[in-house]
Protein chains: 2
Amino acid sequence: MRNRRVILDAALNVFSQHGYRGATLDQIAAEAGLSKPNILYYFQGKEQIHLTLLSQLMETWLDPLVELDADGDPKSEILDYVQRKLDMARDLPRESRLFAGEILQGAPRIGPRLHSELKPLFDQKCAVIAGWAKAGKIADINPQHLIFSIWATTQHYADFEAQVSVLVGEDPDAHDTASQHLREMFGRMLCVKD
Amino acid sequence: MRNRRVILDAALNVFSQHGYRGATLDQIAAEAGLSKPNILYYFQGKEQIHLTLLSQLMETWLDPLVELDADGDPKSEILDYVQRKLDMARDLPRESRLFAGEILQGAPRIGPRLHSELKPLFDQKCAVIAGWAKAGKIADINPQHLIFSIWATTQHYADFEAQVSVLVGEDPDAHDTASQHLREMFGRMLCVKD
DNA sequence: AAAAATTTTTACCATTTGGTAAATCCACGA
DNA sequence: TCGTGGATTTACCAAATGGTAAAAATTTTT
């Protein structure tokens, strides 16, 4: 069904902008160009739409981290991961904000999936990074907090866009500037000293 | 009036947890132990309560950056700023989330104050940092994005606490670990090479 | 103690919102 | 052409929600 996708796209607009409770079915319906009951023909209810979006998002969201390859060159693997996350913040800002809003409110709907999907992947990749550190291929940093820092800095550009745009204006190559900055920062972070 | 503070504290709980639209006056009233009309005796409406919170928060929020001293030692000034922001995320997580929620939704209510209060301060401190960089006292980094990175990484621990706690568990000295990590990261970032 | 001012409660109200029932429309095969 | 099944709309509804009017209670002032 094509209308399902239309509805999900409209819902993504509305949910990412107003949050779960702030979004109304009427808004979503208007955005989708459909009537409210027609939307409820395709989805059981508001919560199911939201949950569907979050579920689909989960895969996309984890993908860049999945690609982090234990057998690749440590430093460029991490820097490439940073780049992928930053690109994603640029290309999928609505998704980023939807996710941020959910976590901000205590992950009431996606909490279980953080345990079942995110955590195992996170632990696995932390182990990979810890291995690199132990082998002396990168600096001896805390893998968990390194990943947090990558998430925080990259998603910041999508989630806090309203603030960023006030402070730096509408720079056409803001993305490249940010990319360069993060490359520099995490590059230095990973360099083995001495 | 003492009740004003009670109401604002209750509202901070509710708004930070559910967002503006997700919060109801009934919830705030229950949390404050007052009746709904009684709350509307002290505040003109829901929006005014929210706006009052954001206004008061603005000062607190900008304070750590105000303290960044152009005449101090560059590196320790910045590292101390990171520490102050991180401490604030620990001590005032509700405020951090309230602010994050507002920005996430496009700063519909605090937007003007970002221009009038945050931007001038931001520009001023960017100039200070740029001066340090030009004088060779710290590495030649982009001040704007440095500050963004500091905000993002420190506030991450408050705003995404639901995710962090899933991934690292309930570590009693998680704060110190995070502090150490950020010190390391930004310390390396600022080191003048060669 | 009486009057005045402030605070709190009771009883509402209009609107919004998520959701439903049932009628209607529309393609398409028999 | 008629029927059939999916898609869409019309007309609702009950609950929740932000807010108000006015009375009652309480405190303060005279």
Side-chain angles (χ1 to χ4, degrees), chain A residues 1-57 94 97-98 101-102 104-111, chain B residues 1-57 94 97-98 101-102 104-111:
Chain A
M1 286 112 180
R2 192 180 159 277
N3 273 359
R4 262 186 84 95
R5 275 186 305 151
V6 171
I7 292 168
L8 286 174
D9 190 68
L12 180 55
N13 282 333
V14 179
F15 278 130
S16 66
Q17 198 172 2
H18 302 288
Y20 179 73
R21 296 264 328 252
T24 70
L25 285 178
D26 293 284
Q27 275 176 293
I28 296 171
E31 188 89 14
L34 298 170
S35 67
K36 181 166 63 175
N38 200 10
I39 281 184
L40 293 167
Y41 173 77
Y42 289 98
F43 293 92
Q44 278 174 30
K46 181 182 176 181
E47 182 153 11
Q48 209 212 40
I49 301 177
H50 194 249
L51 214 61
T52 303
L53 281 174
L54 285 174
S55 290
Q56 292 186 1
L57 176 53
R94 298 177 304 169
R97 286 195 272 264
L98 180 78
E102 169 71 7
L104 198 61
Q105 299 187 358
R109 278 167 286 276
I110 217 187
Chain B
M1 285 109 186
R2 191 178 161 277
N3 273 359
R4 263 186 85 96
R5 275 186 306 151
V6 171
I7 292 168
L8 286 175
D9 189 67
L12 180 55
N13 282 332
V14 179
F15 278 130
S16 65
Q17 198 172 2
H18 302 288
Y20 178 73
R21 296 259 335 246
T24 70
L25 285 177
D26 293 282
Q27 275 176 293
I28 296 171
E31 187 89 14
L34 298 169
S35 68
K36 182 165 63 176
N38 199 10
I39 281 184
L40 293 167
Y41 172 77
Y42 289 99
F43 293 92
Q44 279 174 29
K46 182 183 175 180
E47 183 153 10
Q48 209 213 38
I49 301 177
H50 194 249
L51 213 63
T52 304
L53 280 174
L54 285 173
S55 290
Q56 291 186 1
L57 176 53
R94 299 177 303 169
R97 286 196 272 264
L98 180 78
E102 168 72 7
L104 198 61
Q105 299 187 358
R109 278 167 285 277
I110 218 188

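Chain letters run A, B, ... following the sequence lines, proteins first, then strands; residues in each count from 1.
Arg4(B) has its CZ atom 11 Å from the P atom of dT7(C), to the nearest Å. Residue Ile7(B) contributes atom CD1, which lies 15 Å from atom P of dG18(D) at whole-angstrom precision. Rounded to whole Å, the distance from NE2 on His50(A) to P on dG18(C) is 13 Å. Per the geometry, NZ belonging to Lys46(A) stands 9 Å off P belonging to dT17(C), to the nearest Å. dG18(D) atom P lies 15 Å from atom CD of Gln48(B), rounded to whole Å.
For the segment residues 25-45 of chain B, residues with any heavy atom less than 4.0 angstrom from an atom of DNA chain C are, sorted by number, Ser35(B), Pro37(B), Asn38(B), Tyr41(B), Tyr42(B).
Tyr20(A) places a side-chain heavy atom less than 4.5 Å from the side chain of Glu47(A). A 4.5 Å side-chain heavy-atom check between Gln105(A) and Ser16(B) finds every atom pair outside the cut-off. Taking the side chain as every heavy atom from C-beta outward, Ile49(B) and Leu25(B) approach each other to under 4.5 Å.
When the side-chain nitrogen and oxygen atoms of Arg21(A) are compared with OP1 and OP2 of dT17(C), none of them lie within a distance under 4.0 Å.
Within 6.0 Å of CD in Gln44(B) there are 12 or fewer heavy atoms belonging to other residues, nucleotides or ligands.
In terms of heavy-atom proximity, Ala29(B) sits nearest to Ser35(B) at CB-C, 4.0 Å.
Using modelled atom types and a 3.5 Å distance limit, the side chains of His18(A) and Arg21(B) yield no donor-acceptor pair.
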